[in-house]
Amino acid sequence: MQLPYAESHKIKMVETIKKSTKEERLDWIKEANYNLFNLRSERVFIDLLTDSGTGAMSDKQWAAMMTGDESYAGASSYYNLKNAIKNILGFDYFLPTHQGRAAENVLFSVMVKDGDLVPGNSHFDTTKGHIEFRKATAVDCTCDEAFDTELEYDFKGNIDPVKLETVLAEYPKEKIPMIILTVTCNSSGGQPVSMQNIKEVSALAKKYDIPLIFDSARFAENAYFIKIREEGYADKSVKEIVREMYTYADGMTMSSKKDAIVNMGGFIALKSEELYKQASIYNIMFEGYLTYGGMSGRDMNALAQGLDEGTEFDYLESRIGQVAYLGKQLVEAGVPVLRPFGGHAIFVDAKKFLPNLPKEEYIAQTLAVELYIEGGVRGVEIGTILADRDPNTRENRYPELELLRLAIPRRVYTNNHMDYIAASLINVFERRNEITKGFSIKSEAPILRHFTVELERV
Ligand SMILES: *Cc1c(COP(=O)(O)O)cnc(C)c1O
């Protein structure tokens with residue numbers, strides 16, 4: 001018998017989580033204006049809102065925290081992190097920031113200006129926010145396969161090179177400050193980008209002389225998928241694949257709260273000294289001095305260790321295997337989920353789950369609320385609310401996909417929790433025909449509205 005995968009860790013410390021009743025949850029979600037971000041975490045039994053900053057650090061990471069150097073300048077923790085970034089990712093220059101969006105803010109302050117176009121693959125919401133805030137436009141060049149939720153296609157995060165070249169050829173180089181490649185592609189369902197595609201995008205970037213920046217939050221999961229799915233990579237280690245991926249990038253922004261398994265932190269890494277110097281000015285203004293940016297010494301130490309652990313095959317196999325374990329149960333029950341399963345999350349196709357609901361009533365949000373009421377499980381809407389309004393017309397943007405994302409925190413829950421989540425969602429699925437009304441918006445912010453939007457039942 002072939003031995004199955006098993007977690008590459010055992011548990012040394014636990015945290016109690018509390019169940020609640022359906023009646024309690026009906027009150028609590030109403031009080032939260034039907035926005036799951038407004039719920040207090042103790043009112044959630046299993047929290048799948050995000051895999052960002054919610055992972056469990058290892059004993060080695062906690063030990064590294066104790067040896068953190070809190071010197072303002074030249075801290076050893078800075079050099080630990082610098083070495084880890086050089087060894088694992090291959091970059092000579094880096095700037096610590098407090099999280100991924102801060103890295104975007106600093107780098108885009110140098111590179112992106114009014115009227116620019118930034119092509120990429122389904123830009124993440126904060127990335128798009130930072131582009132649009134500068135009155136530039138994010139141009140989505142994701143491959144068409146990504147929009148067919150049932151299609152088994154290995155690399156749905158890929159950029160369509162034809163779409164990309166159309167943009168590059170149509171506009172002058174001065175208008176395109178960078179191409180952003182998101183690995184894995186969060187907004188299209190945690191889907192990976194193949195090495196082949198990375199090479200093609202890099203060749204186009206070189207042809208048109210435009211910097212290629214990787215939005216790297218889940219770079220290690222991307223490398224794992226390349227190893228498992230792409231011809232020629234089965235015998236390479238995840239770390240070797242990671243190094244190869246970054247030979248094609250001019251720079252990267254990183255949310256360390258994902259694949260680096262820390263609770264807070266981010267960075268920019270660059271090949272160009274000149275760009276590093278320009279970005280340094282903004283890093284000092286917005287984040288902090290060059291050798292700590294937005295991070296304390298102990299956090300930089302834990303991050304250095306996390307980059308190493310997060311790029312180990314055994315860890316990635318059990319992490320991504322657990323996501324698939326949940327996905328398989330849902331598929332077997334007939335629940336429509338995005339295929340193939342994402343690296344960090346299962347995405348439920350809400351339009352297929354609730355076909356009787358009009359798109360104006362926020363289909364995926366309605367499903368997220370129902371799942372919470374059913375089992376105290378908190379997922380998140382990746383749909384019309386997240387897609388926000390068109391900055392010019394102020395009309396709702398209706399994305400092709402309305403998804404409920406169930407993001408699995410790293411090294412936090414057991415497969416019993418996965419069973420519980422599956423049962424909760426299957427219960428909602430069985431009463432889906434009774435769900436005929438959604439929500440309308442009571443109030444919303446002008447940008448990134450999903451965090452604070454207030455809703456009421458139609
Ligand atoms: C999380 C994330 C970001 C933003 O990072 P934060 O740490 O949340 O600020 C940017 N891009 C992608 C792809 C992400 O997943």
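Whatever order the structure lists ligands and atoms in, that order sets their numbers, starting from 1. By convention here, the first residue in the shown sequence is residue 1.
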Could you please spell out the steps behind the side-chain contact (heavy atoms from CB on, under 4.5 Å) verdict for E165 and Y208? CA-CA 9 Å; E165 185 152 20; Y208 289 89; 2.7 Å; yes
If you have a sec, work out which protein heavy atom is nearest atom 7 (O) of ligand 1 and how many Å separate them, to one decimal? S255 OG, 2.7 Å
Atom CZ of residue position R40 - does it have more than 12 heavy atoms of other residues, nucleotides or ligands inside 6.0 Å? no
Does atom OH of Y171 have more than 12 heavy-atom neighbours from other groups under 6.0 Å away? no
N/O of T182 under 3.5 Å from N/O of ligand 1, yes or no? no
of all protein heavy atoms, closest to atom 8 (O) of ligand 1 is R101 NH2, 2.9 Å
Any idea which atoms of ligand 1 are less than 4.0 Å away from a heavy-atom of N186? 15 (O)
Atom indices of ligand 1 within 4.0 angstrom of R218 heavy atoms, with elements: 15 (O)
Starting from atom 11 (N) of ligand 1, find the nearest protein heavy-atom neighbour and note its residue, name and distance. D215 OD2, 2.8 Å
Look at atom 15 (O) of ligand 1 and find which of E104, H98, K258 reaches it with the closest heavy atom. K258
For ligand 1, does K257 get within less than 4.0 Å through its side chain, its backbone, both, or neither, judged by non-hydrogen atoms? side chain
Return the minimal non-hydrogen interatomic distance between V348 and L367, and the atom names on each side. CG1-CD2, 3.9 Å
Numbered atoms of ligand 1 (with element) below 4.0 Å of G100, judged on heavy atoms: 5 (O), 6 (P), 7 (O), 9 (O)
Y420 ring center within less than 6.0 Å of F45 ring center: yes
Below 3.5 Å, N or O to N or O, backbone or side chain included: is there any such pair between T184 and ligand 1? no
Between Y78 and Y292, is the gap from one ring center to the other below 6.0 Å? no
Under 3.5 Å, is there a donor-acceptor pair between the D125 and H450 side chains? yes
